[in-house]
Amino acid sequence: MHVFTGWAESCAAAVQAAHAAYDAARTAAEAGQAIPHRGPDGWCCCGYRPG
């Protein structure tokens with residue numbers, strides 16, 4: 001289960017923002033960095049578990 005938080009204008013915008021937050025978390029985790037919290041659009045991923 002993945003949980004993402006943030007505001008969006010529509011369902012499509014929410015899905016796009018959630019994907020961007022996930023991609024940022026995955027990229028950071030793969031580089032051995034901390035997961036970024038609260039991106040510029042307010043969306044964040046509060047954890048990342050590969051797979």
Requested in this report: Hey, could you give me each pair passing salt bridge (Lys or Arg N to Asp or Glu O under 4.0 Å) that has a residue in residues 4-21? Not counting sequence neighbours.
Outcome: none

Report summary line: Between Ala14 and Trp43 the two heavy atoms that sit nearest each other are O-CH2, 3.7 Å

Query raised in the report: For the residue pair Ala28 and Ala34, what are the closest heavy atoms and their distance?
Result: CB-O, 3.4 Å

Requested in this report: Of all the heavy-atom pairs spanning Ile35 and Ala25, show the shortest one and how long it is.
Outcome: CG2-CB, 3.9 Å

Query raised in the report: Can you list the residues that meet the side chain to side chain contact (heavy atoms under 4.5 Å, CB included) rule with Ala20, with sequence neighbours excluded?
Result: none

Query - Residues that Ala24 engages under side chain to side chain contact (heavy atoms under 4.5 Å, CB included), provided they are two or more places apart - result: Pro36

Query raised in the report: Say you draw a straight line from CD of Gln16 to OG of Ser10; how long is it, rounded to the nearest 0.5 Å?
Result: 8.5 Å

